[in-house]
Amino acid sequence: MAIRKRCKHAYGLTGQGKMRAWRQCGCVWGTDIYVDGVRCWKNLGRDEHAAKIADAQLRLDVMQGKRPTRGAGHGFATLADEWLVQKEAAIDARPGSVSVWRTRVNHAKRFLGDIPVSDLRQHHVNSLVEAFTREIGAPTAANVAVTVSAIIKWAAARHGIDPPQVTFRGVVQHSRRHGEQSHTVAELKAVIALLAEPYQSLGWFALLTGMRRGELLALTVDDVEPNGIRVHGNLDVSGQIGPTKTRAGKRLVTLSPHALEVVKARAKAVGAGRLWPVTLHAAGDALRDAMRAAGVYKQGKGWHQFRHAHMALLNESNISIRDAAARVGHGANYAQSLAYGWASEQVDATAVDAAVKRHEKKKRAGHE
């Protein structure tokens with residue numbers, strides 16, 4: 001079997017198209033080899049020419065009766081899977097955190113393959129960070145690098161593997177401070193105006209409630225109450241509705257008059273079931289296209305920008321940090337420690353509509 005890759009860059013392609021996609025991505029080459037009757041994946045590095053030579057040598061060794069090593073328990077991908085399993089099994093593991101860990105591990109495995117952890121060198125780290133910064137942005141590159149570092153430390157402690165002499169300090173280019181590049185309320189209103197249904201109503205509801213994208217898309221007609229809406233679940237990438245990201249995420253969100261109008265119109269339009277029966281990817285694509293059309297697109301900025309804007313509106317409306325934290329469903333380290341005994345129903349949601357109108361007046365006056 002010829003060398004190949006296990007990444008998703010060539011998904012759905014065949015022949016020369018698949019080879020072109022593999023040669024353009026930075027993922028590792030590898031091959032399948034049988035050891036004791038079991039098919040094993042062997043990492044052959046990122047250089048295609050060197051990988052072909054290594055593959056030929058590997059098959060020559062097999063023909064001469066030499067037994068290739070399986071390397072089980074020492075390869076990065078194998079250890080990364082073990083690390084992920086023990087993280088998922090933790091009693092206090094949150095569904096949102098588990099999903100993030102799984103995504104980061106998959107990114108790292110796609111790049112590093114099953115190279116022995118003890119063989120990792122600084123140039124591997126540098127190449128990984130450079131590739132992910134170019135492909136999916138500096139914040140994600142930093143998160144993947146942090147996860148790789150955690151896996152290395154865990155492997156050294158759990159399996160007694162000599163940790164490689166690599167450093168992540170000075171290599172990871174962190175993004176700007178959280179929130180500095182957030183969209184303004186006026187920009188998001190311009191984006192909402194360019195969205196078609198059902199995404200336009202979803203945009204308004206996101207701005208007026210500050211709910212997470214998964215929480216919004218998990219809402220059903222039955223969750224609508226006379227003055228609010230019950231948040232009880234989170235839609236994941238597979239289309240399944242699971243628990244909220246945090247324990248504080250299960251809550252009642254009081255709705256402003258405009259938000260009530262939006263959600264009642266959606267309930268009437270769909271009749272039953274989910275209020276916005278679309279996928280996470282479809283919602284992301286629709287928002288990205290509208291942001292580009294409005295000229296305010298920023299890499300890595302999506303539906304979470306409405307959450308930032310809503311928090312800004314709450315702050316502008318002089319709503320306390322404790323009530324604001326409970327309203328948007330922040331976790332125990334933020335909401336519950338500051339707001340024990342408080343409930344989001346205490347928020348005067350009409351202040352949100354007033355704040356949105358003030359932004360509109362500022363924009364007309366030339367202040368935004």
Hey, is CG on Asn227 packed in by over 12 heavy atoms from elsewhere, all under 6.0 Å?
no
Take a 6.0 Å sphere around NE2 of His281 and say whether it holds more than 12 heavy atoms from other residues, nucleotides or ligands.
no
So, [X] side chain and [Y] main chain: donor-acceptor pair closer than 3.5 Å or not?
X      : Y      : result
Arg274 : Ala218 : no
Gln305 : Gly302 : no
Glu48  : Lys52  : no
Gln122 : Val166 : no
Asp55  : Ala51  : no
Asp223 : Thr220 : yes

Report task. Would you confirm whether the ring centroid of Tyr199 sits within less than 6.0 angstrom of the ring centroid of Trp276? Result -> no
Got a salt bridge between Asp222 and Arg230, using NZ or NE/NH1/NH2 to carboxylate O under 4.0 Å?
no
* Asked: Would you call Glu215-Arg251 a salt bridge at under 4.0 Å N-O?
  -> yes
Partner of Val148 under side chain to side chain contact (heavy atoms under 4.5 Å, CB included), picked from Asn143, Leu128, Val125, Val129, is Leu128
